[in-house]
Undergrad: 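This structure is in structure tokens; I'll ask about it shortly.
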Amino acid sequence: MMLGDYLALAKKAGADIQGWLAAAGPLHAHALEELAEQENIAPARAARMAVADFSRFASEEDWATLISHVRVAADPALACLGAIIDWRLSQKPCGAHDSSDHQHRTHSEEA
């Protein structure tokens, strides 16, 4: 499987993602719960949002770090999603997120 395949799977995550994470990586499950709580949305939606944000806003260094984690991981899918959730939690709130219909607006769109 290629990195794009893992990202696509994570982006399509269903409601069962929390159960999978709880079994596969409890620390990542806790991080996802934290992200979902922060955004006031369901964990599956928080996972999809994190993947979408990473795909659009991550730096080249973030991508290189993600690839490094996935390459050496025993469970690449878990490593990929975990790294993306951690990345999303490390981002400062930008005030451009509307959790009722998650959209990221640019400064020019806000004006």
Undergrad: Determine whether W87 and L66 make a side-chain contact, defined as any pair of heavy atoms from C-beta on separated by less than 4.5 Å.
TA: no
Undergrad: Would you indicate whether Q38, at its atom CD, is surrounded by more than 12 heavy atoms from other residues, nucleotides or ligands within a distance under 6.0 Å?
TA: yes
Undergrad: Does the side chain of E39 reach to within under 4.5 Å of the side chain of R45, using non-hydrogen atoms?
TA: no
Undergrad: Which heavy-atom pair separates A79 from H69 by the least distance, and what is that distance?
TA: CB-O, 4.0 Å
Undergrad: Does S90 have any side-chain hydrogen bond (donor to acceptor under 3.5 Å, both in side chains) partners at least two apart in sequence or in another chain, and if so, which?
TA: none
Undergrad: Report the residues that fulfil side-chain contact (heavy atoms from CB on, under 4.5 Å) with A46, sequence neighbours left out, ordered by chain and then residue number.
TA: L32, L35, A36, I41
Undergrad: Please examine the side chains of E34 and I85, heavy atoms only from C-beta on, and report whether any two atoms are closer than 4.5 Å.
TA: no
Undergrad: When you compare the side chain of F57 with that of D62, does any pair of heavy atoms fall below 4.5 Å?
TA: no
Undergrad: If you measure from CH2 on W63 to OG on S68, what distance do you get to the nearest 0.5 Å?
TA: 13.0 Å
Undergrad: Does some side-chain heavy atom of L81 sit less than 4.5 Å from a side-chain heavy atom of V51?
TA: yes
